[in-house]
Participant: 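Handing you this structure, nothing more for now.
A, B, ... follow the sequence lines: proteins, then strands. Residue 1 opens every chain. Just so you know, these numbers come straight off a predicted model, no measurement behind them.
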Amino acid sequence: MSQTTFALVDCNNFYASCERLFRPDLKDKPIVVLSNNDGCVISRSKEAKALGIRMGIPFFQIAPLIKRYDITLFSSNYALYADMSQRVMQTLGNLSPRIEVYSIDEAFLDLSGTHSLFDMQILGETIQSKILKDIGLSVGVGIAPTKTLAKLANYGAKHYPKTGGVVDLSLKRRQHNLMKITPVSEVWGVGRQLSKKLAFMNIKTAWDLACSNPAEIRRLFSVVLERTVRELNGENCLSLEEIAPAKKQIISSRSFGERITNIESMREAISSYASRASEKLRAENQLSKFMNIFITTSQFNPNTPYYAKSQSVQFITPTDDTRIILTAANQALERIWKDGFAYAKAGIMLADFSYKHQQQLDFFHNNPNSDKLMKTIDTINQKSRHTLFFASQGIEQHWGMKRDYLSPAYTTNWKDLMSVK
DNA sequence: TCTGGGGTCCTAGGACCC
DNA sequence: TCTGGGGTCCTAGGACCC
């Protein structure tokens, strides 16, 4: 039986790198990409990291640094990142037939079987240079017999510049060496809480964790961490998932650009989120039976009164019809709305899905046959976003997202196409 | 003044059933 | 006076990921 080999390829500073791709003047300059509403930092160029700007830090806390170090800001531009991501994944797909797109900026490749033909290190470098040449983004590549070890290899590739961004952990000896110098908190699946608990047990490095007793770990923690221990020892517990499993829930929620104090604006917001969630649901070819909406004031400001409430709705017949979901959402809103608060965020969750073509109809159900209308709306909006929308979503949307530093949609909008002088 | 959004999985505990 | 045990389902909460 041949040994499995996974590669984890992930883009360096993905959002910041995407922005810089279209702004060559920003080469070697600090760049920061902000979350929705320009709330906090979610991506930093190497230079911004060097200035000590932490991931997730609220924007206002670093505002003084912006001028001092001439940092360029960007509001997040997901249309751009999603498009760049697709290009990266397509290139990777051409290099390896078996690929799992794990997130917007990383993918696992199954290289099993190829390692008798190629030197893994060279294969990794080939992947790296191909992405750089074709798309202009730099990636790190980690290669190893299990996904968890491939993640670890990738961490090594990023953390140690001498590796050139490619680390091959096919050999046990190399796995052990890297694990011995890697803090356990860097292991995939070990977060802050687990690190703290593990530290009490004197498990401080990835190596310590790999050497612990899996049964004991299961008893004290969970089956998830047990798998991690096994994976660190080269035992495959996680397989490549080429086809994304069906979603179990869909959430559409957002903080507001400015606080909402009247129910009319909240109706617009809830309607917009409900509409967006329904769209996502239809794209999944699923029907939903359960809906939950929530509204909340800021959880950070202790000086303003706090109020948070949610309301669930069960649909008698599973649905994907925006009109039905929208109506239910607004009725639910009436029940939880309270005047006199400054709301900061709201959202909707759809769950309890069934496949559309396996629909169980109610005996008394008169099929509204809304398919055609919804399909038409979706088709038009896919070509040009937000062309058709429901009146209850509002037109002005004063509460909408704050995006003061938005870059053009270079690759997805004709009018934002770059021109060469 | 200003703190993202969208997911998954696991576990413990309660309700309920036989 | 004596008050089982095992199974399932659901939910809330916690932990993790990017």
Side-chain angles (χ1 to χ4, degrees), chain A residues 8-15 32-43 53-64 66 73-78 81-82 85 100-108 147-148 151 154-155 184-198 217-228 237-238 241 244-259 273 276-277 280-281 283-284 290 292 294 296-304 310 312 314 342 344-353 401-405:
Chain A
L8 177 71
V9 181
D10 110 329
C11 301
N12 299 324
N13 319 323
F14 183 55
Y15 298 167
V32 155
V33 180
L34 302 171
S35 66
N36 284 328
N37 272 318
D38 299 339
C40 46
V41 173
I42 54 169
S43 182
I53 294 172
R54 287 200 325 276
M55 183 73 174
I57 193 173
F59 171 50
F60 70 91
Q61 286 180 19
I62 58 152
I66 303 302
L73 294 172
F74 291 95
S75 302
S76 36
N77 182 346
Y78 286 102
Y81 312 147
S85 172
E100 171 187 343
V101 177
Y102 179 66
S103 76
I104 194 163
D105 75 331
E106 64 189 294
F108 286 100
K147 280 178 153 185
T148 305
K151 270 276 193 185
N154 186 279
Y155 161 79
V184 72
S185 57
E186 296 295 340
V187 173
W188 192 34
V190 179
R192 278 238 297 284
Q193 302 304 317
L194 286 177
S195 307
K196 229 191 285 173
K197 270 190 175 171
L198 288 167
I217 291 292
R218 182 185 198 134
R219 194 174 59 81
L220 292 170
F221 296 90
S222 73
V223 62
V224 183
L225 196 59
E226 180 198 2
R227 278 201 285 259
T228 302
C237 303
L238 306 166
E241 291 181 17
K247 284 204 170 77
K248 293 178 177 167
Q249 52 172 266
I250 287 170
I251 296 170
S252 176
S253 83
R254 204 133 286 169
S255 319
F256 308 126
E258 49 189 73
R259 301 284 188 254
Y273 304 155
R276 178 79 191 109
K280 289 193 212 169
L281 183 65
E284 287 273 310
F290 174 88
N292 181 273
F294 69 89
T296 172
T297 59
S298 171
Q299 51 178 324
F300 297 104
N301 193 339
N303 303 319
T304 56
S310 70
S312 306
Q314 299 271 356
K345 185 176 178 178
I348 176 170
M349 185 198 26
L350 299 175
D352 208 346
F353 296 155
M401 235 199 288
K402 201 161 95 188
R403 297 212 278 184
D404 289 346
Y405 313 98

Participant: It should be established whether A:Lys402 places a side-chain nitrogen or oxygen under 4.0 Å from OP1 or OP2 of nucleotide B:dG4.
Facilitator: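 For B:dG4, neither OP1 nor OP2 has a side-chain N or O of A:Lys402 closer than 4.0 Å.
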Participant: Nearest-nucleotide wise, let me know which of A:Lys345 and A:Arg218 is further upstream toward the 5' end of DNA chain B.
Facilitator: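 Looking at DNA chain B, the more 5' nearest nucleotide goes with A:Lys345.
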Participant: Any side-chain N or O of A:Arg259 less than 4.0 Å from the OP1 or OP2 oxygen of B:dC2?
Facilitator: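 So the side chain of A:Arg259 is within the cut-off, an N or O lying under 4.0 Å from OP1 or OP2 of B:dC2.
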Participant: Could you tell me the separation between the CD atom of A:Glu258 and the C1' atom of B:dT3, rounded to a whole number of Å?
Facilitator: 18 Å
Participant: Side chains of A:Ser312 and A:Asn292: do they bring a donor and an acceptor to under 3.5 Å?
Facilitator: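 Yes, A:Asn292 and A:Ser312 have a side-chain donor paired with an acceptor closer than 3.5 Å.
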Participant: Base, sugar-phosphate or nothing for A:Gln61? Non-hydrogen atoms, less than 4.0 Å.
Facilitator: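 If one applies the 4.0 Å heavy-atom cut-off, A:Gln61 turns out to touch nothing in the nucleic acid.
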Participant: Compare the minimum distances between each of B:dG6, B:dC10, C:dA15 and the side chain of A:Val224, then state the nucleotide with the smallest one.
Facilitator: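 Looking only at side-chain atoms, A:Val224 lies closest to B:dC10.
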Participant: Would you indicate which nucleotide in B:dG6, B:dC10, B:dT3 comes nearest to any side-chain atom of A:Ser252?
Facilitator: B:dG6
Participant: For the residue pair A:Glu241 and A:Glu100, what are the closest heavy atoms and their distance?
Facilitator: N-OE1, 2.8 Å
Participant: For the pair made of CZ in A:Arg254 and P in B:dG6, what is the distance, rounded to whole Å?
Facilitator: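 Atom CZ in A:Arg254 sits about 5 Å away from atom P in B:dG6.
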Participant: Checking all strands, does A:Asn301 fall into the base, sugar-phosphate, or nothing category for heavy-atom contacts under 4.0 angstrom?
Facilitator: sugar-phosphate
Participant: Is A:Ile250 touching bases, backbone alone, or none of the nucleic acid, heavy atoms closer than 4.0 Å?
Facilitator: sugar-phosphate
Participant: Return the pairing partner of C:dG14 with a 3.5 Å limit on both distances, Watson-Crick or G-U wobble; otherwise return none.
Facilitator: B:dC9
Participant: From C-beta outward on A:Ser222, which listed nucleotide comes closest to its side chain: B:dG4, C:dC18, B:dC10?
Facilitator: B:dC10
Participant: State the OG-CE distance between A:Ser35 and A:Met401, to the nearest 0.5 angstrom.
Facilitator: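 Taking OG in A:Ser35 and CE in A:Met401, the distance rounds to 9.5 Å.
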Participant: Does a nitrogen or oxygen in the side chain of A:Lys197 sit under 4.0 Å from OP1 or OP2 of C:dA15?
Facilitator: no
Participant: Quickly work out the A:Met55 CE to C:dC18 P distance and round it to whole Å.
Facilitator: 10 Å
Participant: Could you please name the option among B:dG5, C:dC16, B:dT8 that lies closest to any side-chain atom of A:Leu194?
Facilitator: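 Within the option list, the nearest is C:dC16.
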Participant: Give the nucleotide from the list C:dC16, B:dC2, B:dG5 with an atom nearest to the side chain of A:Gln193.
Facilitator: C:dC16
Participant: In whole angstrom, what separates A:Gln249's CD from B:dG5's P?
Facilitator: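 It is 16 Å, rounded to the nearest whole Å.
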Participant: Considering all heavy atoms of both residues, which atom of A:Ile42 and which atom of A:Tyr78 are nearest to each other, and what is their separation?
Facilitator: CD1-OH, 3.6 Å
Participant: Taking the side chain of A:Tyr102 as its heavy atoms from C-beta onward, which of C:dC18, B:dG4, B:dT11 lies nearest to it?
Facilitator: C:dC18
Participant: Looking only at side-chain N and O atoms, does A:Ser253 come under 4.0 Å of OP1 or OP2 in B:dG4?
Facilitator: no
Participant: If I take atom CZ in residue A:Phe14 and atom P in nucleotide C:dC17, what distance separates them, rounded to the nearest angstrom?
Facilitator: 20 Å
Participant: In whole angstroms, how far is the C1' atom of B:dG6 from the CD1 atom of A:Ile348?
Facilitator: 14 Å
Participant: Without decimals, in angstroms, what is the distance between A:Glu241 CD and C:dC17 P?
Facilitator: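 Going from A:Glu241 (CD) to C:dC17 (P), I get 17 Å.
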Participant: Are OP1 or OP2 of B:dC2 and a side-chain N or O of A:Asn37 less than 4.0 angstrom apart?
Facilitator: no
Participant: State, to 0.1 Å, how close A:Tyr102 and A:Lys151 come at their nearest heavy-atom pair, and which atoms those are.
Facilitator: CE2-NZ, 4.3 Å
Participant: Using the P atom on both, measure C:dC18 against B:dT3 and round to a whole Å.
Facilitator: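 Straight-line distance between the two P atoms is 25 Å.
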Participant: Tell me: CD1 of A:Ile57 to P of B:dC2, nearest whole Å?
Facilitator: 17 Å
Participant: With a cut-off of less than 4.0 Å, is there a side-chain N or O of A:Lys151 near OP1 or OP2 of C:dC18?
Facilitator: yes
Participant: Return yes if some donor-acceptor pair links the side-chain N/O of A:Asn36 with the main-chain N/O of A:Arg254 below 3.5 Å, else return no.
Facilitator: no
Participant: Between A:Tyr15 and A:Asn303, which has a closest nucleotide on DNA chain B that is more 5'?
Facilitator: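 The residue closer to the strand's 5' end, by nearest nucleotide, is A:Asn303.
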Participant: Looking at every heavy atom in both A:Ser298 and A:Arg259, which two are closest together, and how far apart are they?
Facilitator: CB-NH2, 3.6 Å
Participant: Between A:Arg227 and B:dC10, does any side-chain N or O lie under 4.0 Å from OP1 or OP2?
Facilitator: yes
